[in-house]
Structures are given as C-alpha cells and as structure tokens.
Amino acid sequence: MKARTRFLLLCIITLVALPFSSVTAQESGPVYVVQPGDTLTAIALIFGTTVEALVTANNIADPSLLIPGMELIIPGYEEISGVLTIHEVGYGETLSSLSFRYGMPGDSLARLNRLVSPGRLYAGQPLILVEMENDTSARLENSLLLPRIGDSKLELAVRTGTGPWSLTTLSQTEIKMWVVPGTPLVVPGGEHWVGALPHPIVSAEVDPLPAVQGKTTVVSLELNQPGWVEGRLEDRTLNFFPLDSHQWIALQGIHAMADPGLYDLEVRLYASEGGELTFAFSQPVRIREGGYGFETINSVPAETIDPDVVGPEEEMVALLLSPATPERHWEGAFQFPSDYYTDSFISVFGTRRSYNYGAYYYYHTGLDFYGSGVPILTPASGRVVFTGSLVVRGNATYIDHGWGVYSGYFHQAEIYMSEGDFVETGQVIGKVGGTGRSTGPHLHWEIWVGGVPVDPLDWVEKVFP
Ligand SMILES: [Zn+2]
C-alpha cells in the first residue's frame, strides 16, 4: 500500500512538473527557418503557440528583430526533432499520400497538425511537415496508386508494368494477393507522382491555390487514358475542354464577393461523352479574399441603380454569357482594348462601390480606361454575341471567345459590330463614350469566365490556359 501511494505521489509530481519544464529556454525540439515576411505573431499562429512562448524558448532579446534564415525552436513539439516546414495541400492530396511523400506516419502528421478530421484535408490547407532527412530521390521515383473496386493485384501489376509482388502497400507489413480499394499502393519505378487520385489521373492541379475572389481559376487534369471529364465547384458546373487527348482544362471565375472559405471541387471521369462513370473525386478548396478597396460614386442617374431596372438587365446578361462554346478563339495573352491607358486606370476590378450615398452593395465588374471618342479594339478574336443599348451598360458589345470566356465593352458612343460577326484581335469594334451608368466618357472593359466577371488585368498579364 505504502509503495503504491509513493508511486501515485511521484506521478502527480511529474504531472505537475511537466508544464513548467517548458518555461525555461529549450535546447532541443524542432526548428523552423524564418522566411522573408514572417512575423513572430504569424509563426505563433501557424504552430499553435504564443509569441511569449517563442520569445522564451529562443531567448529572443528583441522580438521585432526577426531575420530570414534564422532558426527558431518551436515549443510544444518536444517529441519530434528536425526542421518544420509548411506545405500547402494540393488538390488530390490526402494524409496517406503526404505521409508517403514526406516519409512521416499519417497519425504523426495528424497529431502534429492537430487535425480534427484527418480524412478531410482541403486543397490550399497549410500543413506542418518535418523536412525529410533520408534520401528522398529514391522515394519519389516510385509512384502511388489507388486501386478501384474490382481491381485485382495481377491486373494492377499488368497495368503499371510491374510484377504483382513488387506492388507494396504503404505500411509494407504484408504482401497480399488481394487489394483493398482506396488503400494506396506503391508502384516501384513509377513515372509519375499521382497523389491520392485514382489510377486514370496522372495529375490534377488547381491554380492559383487557394483560389482568390475575382480571379480566374484553372483546373487541369492529365489522364493516362482517353475519357470525358466533367466537374463542378460548389454549385457551378465547370466547363471542361480537352487541350489534347490526355489534358483537360476548365477555366472558372471566382465571384469577387464570394465568402472566403471552403468550396467543394468535384471532378468526374466518364469512359466517353455520355458513357459510363469511371470515378468521381471531391475535395474542398479554399477561396481567399482578393483584398479589394472601396469607392463612392455619387452622381449616377437614379434609374441606373433602381433594382427593378438593374435586376432584369443583370439576369439577361448572365443568361447571355452562360453557354461555353467548345471552340477556343483566343491564343496567348489578351491585348488592351484601348491605346489610351497609362500606369493608372480610372477604376480597377473588384472595388466595392457605393452609388449615390447607398451601401457598398455593388462592386466594380471591370477595368475602366480614359478617353472620349477613341477607338475600342478587340483584345482577342471571337464572335460578337450582343450589341445594343442597355440602361446600366449604355451602348454595349459582348464577344464570345470560347470555353465560357466572354468580354464586354460599355458606355460606347458608337457600335460598329452586329451579332454573329467574327472579330479578329486588334479590330476596331466601336468608339468610347459616356452612355449608361457613367459619370463621364470612359471605356468599361469586362471579362467573364464560367458565368462570373473576373479581373481583366490577369488576362493581359497571363496566358490562359
Ligand atoms: Zn467601369
């Protein structure tokens, strides 16, 4: 009895003593290499600790002096050692695939990241990892395979060009003749890193990740067999088109006012158009804020902010710009639709707007150019799908560039085109004016992708896809 009491007492002392042991400066524990732009507050937030704990653990004299490249001991992870890094989870990556890629057991990864639901990582999620110390090149020469229902080990071996006994599971505890669907298998000498997506997908990419309010998101899939791809982002159907027989691309605008957070991105592969469903995969993707500003415009005609007028016009335009035609008319980056631009624009895309002392209910759906009576040039070739006079847009033209990409030109003084006309890059389609919801002559230029207005500057600066 006495011995037992003494043992219990020891346990209590140990438990009481443990929390205090980390107060003194640590000599061991994992380190994080400070990156340019890091602050102690941001580092503390990522690793679930406090600025005070970081200062104590590292004997920091001046917390405002943080030098990139400097190694910080991260308190609270005493059971592990090494260099901690942050990895942003890619679309299709799961705990199993990351565990394989970084050589860390899945449960350690889950514990390290305090994951509440390890089975549901989202694309764009920052994950704490320990940098690999062993030789990683050998590991990455292998690839990972997710068997489907009905797959036998022999079939998988034939398909991957290896022997059935060479296919190993991640745990590598046993080599069985049967495979369990969804259990990752390591394929020795595999050519591609296939993440955790099922066999027909060689790679999947979402760019940018996280997706950004008001920006164009590119979803690309590379298949290793012919097929037909469909998908959706939350409640929006993605317009997938083949770039060649194995590459599929969908371009989708993210609404400038979309609530930042997680949105389900689903991809489905069919044997052929209208054929049998081969597989479906869904993973949440993070959408982050676009960091847009605010502006007030207090002298527009009352009619142009009347919901009874604006509503039907918006509905008409949304319907007009929703089809995705399979021919892609543009090639390379778009050109500016006006020669009259400088380093500054009257108004840029995404700015939250208040009209006539109202709330910031609107946002700027395009890019504005100076000029009066100057020519409007086509930024890329396409087919004219609308010309006419509207209350908000004034004299307007819309051009279909294919794949669900459209451009629009508002407040025109003159319209030179008609619906159905095919226009080439650089062609003059009208003259700049001040018709519609405008406080003076200017060109308002819009680009819509997948039924959503996006930042047109991206299309001048980047090449899609
Ligand atoms: Zn504008």
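For clarity, every value in this text was computed on a predicted model and none was experimentally measured. Hydrogens, waters and symmetry mates are skipped; everything else that's a heavy atom, side chains included, is used. One-based numbering along the sequence shown.
When all heavy atoms are compared, the tightest approach of Y409 to P379 is OH-CD, 2.9 Å. The two residues L121 and P118 come nearest to each other via the heavy atoms CG-O, 4.1 Å. Summarising the geometry of V229 relative to L221, their closest heavy-atom pair is CG1-CD1, 3.6 Å, with the distance given to 0.1 Å. In this structure, S220 and I249 approach most closely via the heavy-atom pair CB-CD1, 3.6 Å. The shortest heavy-atom contact between L54 and P75 is CD2-CD, 3.8 Å. Across I254 and T217, no two heavy atoms sit closer than the pair CG1-OG1, 3.3 Å.
Rounding to the nearest 0.5 Å gives a distance of 11.0 Å between CD1 of I46 and CG of L84. Distance CG/L265 to CG/L209: 9.5 Å, rounded to 0.5 Å. One distance of note links CG of L223 with CG of D244; it measures 9.5 Å at 0.5 Å rounding. For the atom pair OG of S245 and CD of Q225, the computed distance is 11.5 Å after rounding to the nearest 0.5 Å. Taken from NE2 in H329 to OG1 in T425, the straight-line distance is 11.5 Å, to the nearest 0.5 Å. The line from OH of Y263 to CZ of R232 is 13.5 Å long, rounded to the nearest 0.5 Å.
Remark: Y361 OH is loosely packed, at most 12 non-hydrogen atoms of other residues, nucleotides or ligands lying under 6.0 Å away.
The shortest side-chain heavy-atom distance between F334 and I447 falls under the 4.5 Å cut-off. Counting heavy atoms from C-beta outward, Y32 and I128 have side chains that stay 4.5 Å or more apart. Counting only heavy atoms from C-beta outward, the side chains of V31 and I74 never approach each other to under 4.5 Å. Between F410 and V392, the closest side-chain pair of non-hydrogen atoms is not below 4.5 Å. Residues Y91 and V285 meet the side-chain proximity criterion, which asks for heavy atoms closer than 4.5 Å. Looking at L109 and N113, their side chains come closer than 4.5 Å, going by heavy atoms from C-beta outward. You'll find the side chain of H401 reaches within 4.5 Å of the side chain of S407, heavy atoms only. With a 4.5 Å cut-off on side-chain heavy atoms, L251 and V405 count as touching.
Residue pairs that meet the salt bridge (charged side-chain N to carboxylate O under 4.0 Å, His left out) test with at least one member in residues 116-126, sequence neighbours left out, are R120-D264.
The backbone N or O of F47 lies less than 3.5 Å from a partner atom in the side chain of Y77, making a donor-acceptor pair. Listed for the N58 side chain is no donor-acceptor partner under 3.5 Å among the backbone atoms of I60. Within the 3.5 Å criterion, the main-chain N or O of A271 finds no donor-acceptor partner in the side chain of E276. Of the possible donor and acceptor atoms, none in the side chain of T49 sits under 3.5 Å from a partner among the backbone N and O of A53. E314 places no side-chain N or O within 3.5 Å of a backbone atom of G311 that could act as its donor or acceptor partner.
One side chain, H87 or E93, offers a donor N or O that lies under 3.5 Å from an acceptor on the other. When only modelled atom types and interatomic distance are considered, S272 and Y270 share no side-chain donor-acceptor pair under 3.5 Å. With hydrogens and angles left out, the side-chain atoms of H364 and S347 include a donor and acceptor closer than 3.5 Å. One side chain, E446 or H444, offers a donor N or O that lies under 3.5 Å from an acceptor on the other. No donor-acceptor contact under 3.5 angstrom links the side chains of S381 and W330, judged on distance only. In this structure, a donor-acceptor pair under 3.5 Å is present between the side chains of Y398 and R393.
Aromatic ring orientation, F241 versus W403: parallel (interplanar angle below 30°, classes split at 30° and 60°). Below 30°, between 30° and 60°, or above 60°: for F369 and W445 the angle between ring planes is between 30° and 60°, a tilted geometry.
None of M257, R437, R352 except one satisfies the side chain to side chain contact (heavy atoms under 4.5 Å, CB included) rule with Y362; the exception is R437. Here the rule is side chain to side chain contact (heavy atoms under 4.5 Å, CB included) with D400, and of T325, L320, L321 only T325 fits it.
Contact check on E88 versus R286 returns no salt bridge, with no Lys/Arg side-chain nitrogen under 4.0 Å from an Asp/Glu carboxylate oxygen. R353 has a carboxylate O that lies under 4.0 Å from a charged side-chain N of D368, or vice versa, which qualifies the two as a salt bridge. Between E266 and R268, at least one side-chain nitrogen of the basic residue sits less than 4.0 Å from a carboxylate oxygen of the acidic one, meeting the salt-bridge criterion.
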May I have the step-by-step check of side chain to side chain contact (heavy atoms under 4.5 Å, CB included) for E461 and D455, ending in yes or no? CA-CA 11 Å; E461 287 164 358; D455 190 348; over 6 Å; no
F349 and Y363: CA distance, side-chain angles, deciding distance, side chain to side chain contact (heavy atoms under 4.5 Å, CB included) verdict: CA-CA 8 Å; F349 174 89; Y363 74 97; 4.1 Å; yes
Walk me through whether V454 and K215 qualify under side chain to side chain contact (heavy atoms under 4.5 Å, CB included). CA-CA 5 Å; V454 295; K215 300 285 178 179; over 6 Å; no
Test F464 against V449 for side chain to side chain contact (heavy atoms under 4.5 Å, CB included), laying out the working first. CA-CA 11 Å; F464 291 100; V449 178; over 6 Å; no
